Every structure is written in C-alpha cells, then in structure tokens.
Colleague: 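One structure coming up, written as structure tokens, with questions to follow.
In this text the structure is predicted, and so the values were computed from the model without any measurement. Below, all heavy atoms of this structure are taken into account, side chains as well, without hydrogens, waters or symmetry copies. Residue indices begin at 1 and follow the sequence shown. Each ligand, and each atom within it, is numbered from 1 in the order the structure gives.
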Amino acid sequence: MKPPIILINYKAYENSYGERGYEISRKIEKVSKEYGVPVIVTVPATMIYKLSKETELIVYAQHVDGLEHGAKTGSILPEMVKDAGGKGSLLNHSERRIRLDEIHDAVIRMRKIGLESVVCVDRYELVYSMGILKPDAILIEPPELIGSGVAVSKAKPEVITKAVDEIKKVPGVYLVAGAGITSGEDVYKAVELGADGIGVASAVMRAKEPERVVAEFINQALKALEKRS
Ligand code: G3P
C-alpha cells in the first residue's frame, strides 16, 4: 500500500517561520517518523534551506516563478528552491493565483530539474486540463471552504468524487483534497472518497498540539486507504 499524501501548508502564520516554524516542523517530523509516512510541508521561501537541512520532512515552496535566470527582481526560480534543498512547490494556490501559461512554464521547468509540482485548482472541472500539464499532483480546494473549519469532504463530497473521476483520465497524476479539513473524520472521508491524500493548513498551524492533530490525520488516512485496498 502506498502511503497517503499528507501536505501541510504553512502559509504565512506567525508560527510558519523562524524559531516557531522550526519547532512545529520538528513536531511534525517526529510524527511522520513514528508512522513511517512522509509528510510534505509547504513553507515560506525563507525556511526552505533550514528545514531541508535539519529535518527529514519533504520541503516544498509555496510558489515558484517558472522564469529563466536574469533580471527578474523578486522572483523565486525553481533552481533556487532546489539549491536550498526543496523537493518541489505548490503552484496556483487560491491565495497565490497565477496564469495558465505561468503554471505550465513552472511545471516544465520544475520537472526538468527534478522538482515535484502540485498544482492547485478550485473546482473539479479544472482537474483534467491541469492534469494534462503533468504535474505530480493536483490539489483541489474550494476556496470558500479554505480556513472555514468546514471540510470539503463533508460539505462538498461531490467535488472530491468528481475530481477523482477526472484524475483517472490523466494516469500518473495524484489527487489531493483540501479546504476546511479539521478532524480525523474529515481526512478519513476524503481518502475514502478516492483522494490520494489531504492538504491542510489552519487545523495544524493553529493547533495547541499540532503533533496530535497530524498523528490523527495520518492514522485516519491510513485506515481509509486500508479500507479501499
Ligand atoms: O493548502 C491548504 C489550505 O489552503 C487549506 O487551508 O486552513 O482550510 O486547512 P485550511
């Protein structure tokens, strides 16, 4: 059984960077090791180097610019992420939308240098068209549920089931579901509905005991995968 995809998006919370960002990462790493399930953390660009060097987490950027080297002030190039030890990046998150051609350029550039890409979509109708760009995974998140505490798997299960139908048309691309995921039950349901894993932010980043939350999420994802197999 392949492990579930557990993607934790640090976003730009007060504890997403610096000493607090490091602390929460060590807690997540501990749980990941206990369960033997790799965890992807999408972190602020300033944290990629430290977390890649000092933890065994799979460290991603939250965004990259698929541009060539040169006079591009403020850009984060795939090569920079790779050089810092990052293994991939999110692209087109609802909070960091980019144009379709920019997504395509970034996916191509990342693949060329061996970085993984996870393209976000806000509706199942885009799963196939983004899927044919051949990212490693699509992360589907209805924007109205992001940070709401109301999980996509409960409030809009049809978004996941329809996305699962669409992803089957692009073999080799994984489907991850996110938005509002708060409980182990939300995770179980998302995976039971056919997602390969989950994307989460606030439930972990704002938790008093993030390690317990992550443990519960991994546990439920594993249970649901086992039931599916
Ligand atoms: O990328 C994951 C994120 O957008 C979901 O946010 O706070 O609803 O778990 P949240």
Colleague: Under a 3.5 Å distance rule, please check whether Asp136 uses its side chain to pair with a backbone N or O of Val118 as donor and acceptor.
Modeller: no

Colleague: Check Met1 against Ser229 and note the closest heavy-atom contact, atom names and distance.
Modeller: SD-OG, 4.5 Å

Colleague: Quick one: does any side-chain atom of Asn15 pair with a main-chain N or O of Met205 as donor and acceptor, under 3.5 Å?
Modeller: yes

Colleague: Could you pull out every donor-acceptor pair under 3.5 Å between side chains of residues 96-108 and any protein atom, sequence neighbours left out?
Modeller:
from	atom 1	to	atom 2	distance (Å)
Arg97	NH2	Ser94	OG	3.3
Arg97	NH2	Asp122	OD2	3.0
Arg99	NE	Asp101	OD1	2.9
Arg99	NH2	Asp101	OD2	2.9
Glu102	OE1	Arg99	N	2.7

Colleague: What pairs of donor and acceptor atoms, side-chain ones from residues 169-185 against any protein atom, are under 3.5 angstrom apart with sequence neighbours left out?
Modeller:
from	atom 1	to	atom 2	distance (Å)
Lys169	NZ	Glu166	OE1	3.2
Lys169	NZ	Glu166	OE2	2.9
Thr182	OG1	Gly149	O	3.3
Thr182	OG1	Gly180	O	2.8
Ser183	OG	Glu185	N	3.4
Ser183	OG	Asp186	N	3.1
Ser183	OG	Asp186	OD1	3.2
Ser183	OG	Asp186	OD2	3.3

Colleague: I'd like the atom pairs linking ligand 1 to the protein - N or O on both sides, separation under 3.5 Å - with distances to 0.1 Å.
Modeller:
from	atom 1	to	atom 2	distance (Å)
ligand 1	1 (O)	Asn9	ND2	3.1
ligand 1	1 (O)	His93	NE2	3.1
ligand 1	1 (O)	Glu141	OE1	3.4
ligand 1	1 (O)	Glu141	OE2	2.9
ligand 1	4 (O)	Lys11	NZ	2.9
ligand 1	4 (O)	His93	NE2	2.8
ligand 1	4 (O)	Glu141	OE1	2.9
ligand 1	4 (O)	Glu141	OE2	3.2
ligand 1	6 (O)	Lys11	NZ	3.3
ligand 1	7 (O)	Ser202	N	2.9
ligand 1	7 (O)	Ser202	OG	2.4
ligand 1	8 (O)	Gly147	N	2.6
ligand 1	8 (O)	Gly180	N	2.8
ligand 1	9 (O)	Ala201	N	2.8

Colleague: Tabulate below the donor-acceptor pairs under 3.5 Å that side-chain atoms of residues 209-220 make, not counting sequence neighbours, or state none.
Modeller:
none

